[in-house]
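Worksheet: one structure, shown below.
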Number of protein chains: 2
Amino acid sequence: MKFIKTPVKGMCDMLPADMRLREHVLGMIKESYAAYGFMQIETPVMEHIENLTSKQGGDNEKLIFKVMKRGAELQRALDKGDGELADNGLRYDLTLPLARYYANNKEKLPSPFKAMQLGNVWRADNPQKGRFRQFTQCDIDILGDDSSLAEIELISATSAMITKILGEIGLTDFTVHINDRQILGAVALAAGFAQEQIGSVLISLDKFDKIGLDGIERELLENGYDAEAVTRYLAVYRAVREGISVEEFCEGIPQEHRPQKAMANLSEILSCVRPMLAPGVKIVFDPTLVRGMGYYTGPIFEVTIDGYNFSIAGGGRYDKMIGKFSGQEVCASGFSIGFERIVTILKDHMAGSYRLPGEPTAFLIGNRVPQSRKIEVLEQAQEMRKTGAIVTVLPMSKNIKHQIELLEAEGYSRFEKVFE
Amino acid sequence: MKFIKTPVKGMCDMLPADMRLREHVLGMIKESYAAYGFMQIETPVMEHIENLTSKQGGDNEKLIFKVMKRGAELQRALDKGDGELADNGLRYDLTLPLARYYANNKEKLPSPFKAMQLGNVWRADNPQKGRFRQFTQCDIDILGDDSSLAEIELISATSAMITKILGEIGLTDFTVHINDRQILGAVALAAGFAQEQIGSVLISLDKFDKIGLDGIERELLENGYDAEAVTRYLAVYRAVREGISVEEFCEGIPQEHRPQKAMANLSEILSCVRPMLAPGVKIVFDPTLVRGMGYYTGPIFEVTIDGYNFSIAGGGRYDKMIGKFSGQEVCASGFSIGFERIVTILKDHMAGSYRLPGEPTAFLIGNRVPQSRKIEVLEQAQEMRKTGAIVTVLPMSKNIKHQIELLEAEGYSRFEKVFE
């Protein structure tokens with residue numbers, strides 16, 4: 001028999017210390033979001049292949065783990081030669097299942113509905129450091145609220161959650177970046193780009209952190225865009241200085257192109273969120289923030305931590321997406337938390353592994369201990385557990401030193417050897 | 001675009017009330033077992049198809065959801081005509097992945113290792129009431145302990161956990177049944193059956209609850225077994241009366257066939273577990289307990305609840321299984337908890353759904369409320385959250401009565417309407 005003892009490619013076995021850290025973080029996320037009224041829900045890990053391949057998932061659709069049909073249905077598909085061999089697939093994110101879930105259960109749910117999801121997703125990506133084929137996502141979404149209150153609650157709740165978790169390791173400084181897709185669009189239109197060019201122009205602007213405004217200019221010109229439009233476009237961004245307000249930035253957009261409603265909305269979010277933030281946390285209007293996903297329609301936001309070159313949370317408003325699935329338009333805005341990144345940051349800052357809390361006790365029972373003494377020890381252990389202690393009763397190993405070392409590594413600090 | 005809004009066949013969308021109940025039960029299970037020194041671990045939901053189809057999973061191997069190869073590898077398999085199209089599959093239980101995990105990580109783990117797993121498994125079974133294609137299993141296993149201490153800890157911990165969870169709904173009476181595969185084998189051998197017939201004989205004995213001893217006798221005779229052996233075999237079971245001890249039962253086995261070591265071991269488990277049990281909980285020697293899985297080698301056990309015709313937990317010792325995978329024999333004993341059954345029992349006993357705890361508050365904000373007032377409300381909500389309260393801030397719906405009804409259904413009891 002061929003037995004493979006490593007996990008499948010790109011996936012991880014979680015050791016006890018890994019699990020303790022992950023459970024601790026998950027617990028804090030759940031508690032934080034629950035206090036803000038987000039309700040935990042869950043969808044099956046498998047979705048209909050038709051839903052997964054409906055062009056809502058962008059590049060993720062190329063990375064689907066497909067689940068094969070079974071029995072006669074599989075045979076029919078094989079006989080056909082070019083039939084679809086899969087009927088299901090593993091979800092590649094939590095947003096698409098949420099859209100299906102909401103279409104299926106809307107009548108039973110409060111409106112607006114504040115959803116919290118914590119679950120694994122799967123992508124057949126090339127595994128690399130920090131990128132896995134099975135990983136945990138934490139999403140919060142507010143469905144059915146078209147007002148700025150949705151973003152205010154999403155951002156306040158997420159900031160509070162991050163403050164709580166990273167505060168434990170003394171990381172109190174982070175920044176929420178916010179922008180609006182409609183402002184991004186207005187700048188491009190005002191500069192002279194056509195509506196259908198905006199997507200491509202934004203792909204270039206999205207590279208701001210990597211190539212700067214000069215690099216973006218070069219790229220836009222290389223892509224054949226009108227030189228005057230490019231100059232007008234970049235002039236607006238060249239005028240940006242630190243701490244610029246929405247109103248100040250939008251003065252660079254000719255009056256007739258200014259997205260007044262989006263501007264007022266964004267200003268309101270900034271004004272309402274600011275008083276909610278802990279010391280050390282900033283929310284800034286970031287006119288060059290783009291965020292990749294094409295489905296965003298309004299405010300977009302992202303959280304960065306000083307000293308890390310990746311964002312640990314990101315999201316935005318996607319008012320058109322659920323409607324594409326359910327036939328009935330439902331406004332929606334959501335925040336996705338980089339759970340694996342938070343875990344990585346916590347690990348970086350910890351000396352050693354994440355150990356059992358308190359002073360766990362191990363009773364080590366020698367092999368000549370009579371039954372009556374065993375019962376005494378078992379009863380003593382049970383009494384200790386009633387006070388909240390972690391207590392294990394184990395047979396003593398021949399190599400007791402090694403046995404104790406491995407238990408100490410997990411956090412056991414008290415050892416009671418019972419010889420007779 | 002074809003969009004399917006129901007979940008895939010046999011799987012469930014979990015509503016907020018479902019999730020609250022499930023999370024509550026999962027939390028109690030984790031806490032109970034952690035106190036006994038069980039350490040939570042996790043394996044990927046996908047396993048190598050070679051491992052899943054290695055004949056350790058019995059009938060479950062027919063129910064595997066297979067994950068298709070991708071890209072060039074899939075094409076190669078298709079071109080071959082009879083190639084294996086899948087490289088992975090979804091796990092159908094937590095025991096096989098545990099065997100792989102232990103082989104992969106043994107050196108890093110304490111010995112003996114007390115593992116706790118809570119996770120979903122998938123089986124392409126025919127869905128029916130209470131049987132799903134994705135469901136949660138909770139397993140505890142002790143690896144590397146060949147003594148009765150393993151069973152004592154498994155059974156004590158599980159009894160304490162069930163007492164705690166079902167005690168909440170006033171269900172305090174349940175029974176742990178225990179037997180030993182070696183005693184079952186000894187009775188059959190002593191009656192005159194051959195070693196290789198034991199498996200088949202036990203399949204008949206396993207039907208005791210359904211067809212009784214007379215039914216078993218008929219079935220064994222129909223299967224062509226020697227009439228005298230059948231009579232001798234059943235005589236041992238006909239002599240069983242309530243409360244029979246291991247020693248009394250084994251007097252029915254001729255001296256030379258008596259499995260002395262297994263008998264002493266089983267008696268020790270009974271003697272040591274009994275003082276640990278809460279009032280209302282019994283542990284009984286049950287000579288007709290068989291349990292289906294062929295891989296059990298020693299003590300086997302099961303928990304039944306008065307008034308329910310199914311067991312809610314079951315397990316046993318499987319000393320040969322891990323060795324078949326890792327090449328190195330590792331003794332093991334485990335208990336699998338019927339998580340979905342516990343959830344079903346709790347649901348049966350609850351009036352209404354599982355609601356949010358405490359007195360959650362909803363602020364409902366009218367659409368003409370000025371920004372300054374919104375900030376006041378948001379700050380008030382945040383202060384309340386600091387005291388542990390659940391507080392949501394929502395835009396007021398046009399149909400405010402319906403909005404409040406749906407929130408009340410989830411457990412909200414305080415509503416603050418903010419009009420200006």
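Here is the naming used below: chain letters follow the sequence lines, and residue numbers restart at 1 for every chain.
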**Message:** Quick one: does any side-chain atom of A/H48 pair with a main-chain N or O of B/F3 as donor and acceptor, under 3.5 Å?
**Reply:** no
**Request:** Using atom types as modelled and distance alone, determine if a side-chain donor or acceptor of B/Q134 lies under 3.5 Å from a backbone N or O of A/V45.
**Result:** yes
**Item:** Nearest atoms (heavy-atom pairs only) where B/L15 meets A/K108
**Value:** CD1-CD, 3.7 Å
**Asked** Cationic tip of B/R70 within the cone over A/F65's six-membered ring, i.e. under 6.0 Å and within 45° of the normal?
**Response** no
**Prompt:** Is the shortest side-chain N to carboxylate O distance from B/K30 to A/E23 below 4.0 Å?
**Reply:** yes
**Request:** Give the minimum heavy-atom separation between B/M14 and A/Y101, together with the two atoms involved.
**Result:** O-OH, 2.8 Å
**Request:** Report the option among A/S111, A/P97, A/S147, A/G71 that has the most heavy-atom pairs separated by less than 4.5 Å from atoms of chain B.
**Result:** A/S111
**Message:** For the CG atom of B/L85 and the NZ atom of A/K69, what is their distance to the nearest 0.5 Å?
**Reply:** 13.0 Å
**Request:** Using a strict cut-off of less than 4.0 Å between a Lys/Arg side-chain nitrogen and an Asp/Glu carboxylate oxygen, indicate whether A/E42 and B/R22 qualify as a salt bridge.
**Result:** no
**Request:** Measure the CD-NZ distance between A/E410 and B/K114 for me, rounded to the nearest 0.5 Å.
**Result:** 13.0 Å
**Fill in**
Turns out that what part of A/P360 lies under 4.5 Å from chain B's heavy atoms comes down to neither
**Asked** Relative to chain B, which segment of A/E153 carries a heavy atom at a distance below 4.5 Å: side chain, backbone, both, or neither?
**Response** side chain
